[in-house]
Amino acid sequence: MEPKTVKNPIVPVVMLGCALAVALPAAAHHSFAMFDFNKTISCPATVTEFRWTNPHVTLLVQAAVKPGEAAQVWSLELTSPGNLTRIGWTHSSFKPGDRIELQFNPLRDGRHGGAFKQAKIVATGQVFTSSVRDANETPNLK
Amino acid sequence: MQPDNRAGLIPHALLAGCAAALAAPALLAAPPAPVAPTVMNPPPQPKDWANLATLPDWSGVWTPNVSDQEKREKSDPIPWTPKAAAQVAHLEAEERAGRPRGLFVNCLPESMPSWMLITHNAMEFLFTPGRVTILGESDSNRLRRIYTDGRAHPPDPEPTFHGHSIGHWQGQTLVVDTVAVLPQTYIAPSEAVGVPNNGDLHIVERIHLAGPDILQDDLEITAPHVLTKTWKTSRFLLRQRARKYDIVEGVCLQGNYSAGTDAAGNAVFVPVPETEGGNWLPPAR
């Protein structure tokens, strides 16, 4: 699968200019305004680590966000383990080495981080998404 | 109590002198203040357990309506003082610029009133005789004890993250009065915008079912150092009965550690290298 952008084809060019500093705001409950939700990066990736911890789950991947570019480490942030449990995630949803088709919203400042949007595990076809709004904002009584 | 002189090495006269010296300050000091009687919490009786059945059904797990919270950032203005308003305006501008301030990235509790107002995580309510307990998900110290046994606030309560809460039932509504909240806790419309309450915070809540599976918390927040008048606002929670919503353990600081192994082969927590602000770094490339 070729890397591609949705809504904004300029993103890969922007990503070429990534700084080497790769800090990710992920320590605790916080606004997600540092992510650009008007940009979605889609690319193949390989899971390197799946950190199923509070306050925010993090998926670390090797990904080349531009065709021909060497794969680099990207850190994708999610909501809490508890919230993700309600939409079908578990602590073992991903394991190192999993090849995935990834979508994420990148950090505005160009560092190698983003807000996880969706991933499909190539081997199984299983798809994981990140939005918990629908699951949390309606009663689930059965 | 006499000094122990079993070894017989210390002359009795010296011991007597020592005893007198020890006793002298006590003789000169003012009489001790009367000790307040110890207040006992009586064991619940069968009727106390039976009375729980008359309370409304708040069972299940409750998840917040964050979309409503976001609407309220515009529709439910907070009566900030001019000084607080200036700080809020700056934080809002920073967030719009993609530089949100992380009010809670230190992993301390979201505290009162922010836990009730802006958490994105689930909570549950436990009724026992004389008390309602609210337990939250994430941040293992999200916990409120609301005493419904008729007690008053203590005369000099120790300030805490969630304050001292007493409650009583008015029909099917739990009325909660909270004082003694730490001045550092935020009054915050969002996780990126807020101002410390700066002391003398007083919160009155009326928590009730607004529908079969909607819990409504009407809050009256008085914070004289940052608000010009009492801020009246509401928070809505949705009932969840699907077992996948059961509260799971969440320890905020766990995010600062990875699973590792020490030299002896023990499973240990290994600090994750951090930048300023406690943010994670991806592994070295």
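Small disclaimer: the values here were computed from a predicted structure and weren't measured.
Contacts between B:Ser258 and chain A at a heavy-atom distance below 4.5 Å involve the side chain alone, from C-beta outward. Interface residue A:Thr138: only backbone heavy atoms are found under 4.5 Å from chain B. Contacts between B:Ser190 and chain A at a heavy-atom distance below 4.5 Å are absent for every atom of the residue.
Under a cut-off of 6.0 angstrom, the local environment of CG in A:Asp134 is sparse, with at most 12 non-hydrogen atoms contributed by other residues, nucleotides or ligands. For A:Arg133, the CZ atom counts as densely surrounded, since its 6.0 Å shell holds more than 12 non-hydrogen atoms of other residues, nucleotides or ligands. Crowding of B:Lys244 atom NZ: a count of heavy atoms from other residues, nucleotides or ligands under 6.0 Å exceeding 12. In the displayed structure, B:Arg144 atom CZ is contacted under 6.0 Å by more than 12 heavy atoms of other residues, nucleotides or ligands.
In terms of modelled atom types and a separation under 3.5 Å, the side chain of A:Glu137 and the main chain of B:Asn65 share no donor-acceptor contact. Under a 3.5 Å cut-off, the side chain of A:Arg86 and the backbone N or O of B:Asp246 do form a donor-acceptor pair.
Ranked by non-hydrogen atom pairs under 4.5 Å with chain A, the options B:Val66, B:Ile214, B:Ile247 are led by B:Val66. Ranked by non-hydrogen atom pairs under 4.5 Å with chain A, the options B:Glu94, B:Glu95, B:Arg96, B:Arg99 are led by B:Glu95.
Taking all atoms of both residues into account, the shortest heavy-atom contact from A:Gly82 to B:Val248 is CA-CG2, 3.4 Å. Across A:Ala135 and B:Gln240, no two heavy atoms sit closer than the pair O-NE2, 3.7 Å. Across B:Cys252 and A:Pro55, no two heavy atoms sit closer than the pair O-CD, 3.3 Å.
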Test log, rule side-chain contact (heavy atoms from CB on, under 4.5 Å), inputs A:Val132 and B:His120: CA-CA 10 Å; A:Val132 299; B:His120 289 202; over 6 Å; no
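Applying side chain to side chain contact (heavy atoms under 4.5 Å, CB included) to B:Tyr245 and the options A:Asn136, A:Thr85, A:Asn83 leaves one that passes, A:Asn136.
Taken to the nearest 0.5 Å, the CG atom of B:Asn121 stands 6.0 Å off from the OG1 atom of A:Thr79.
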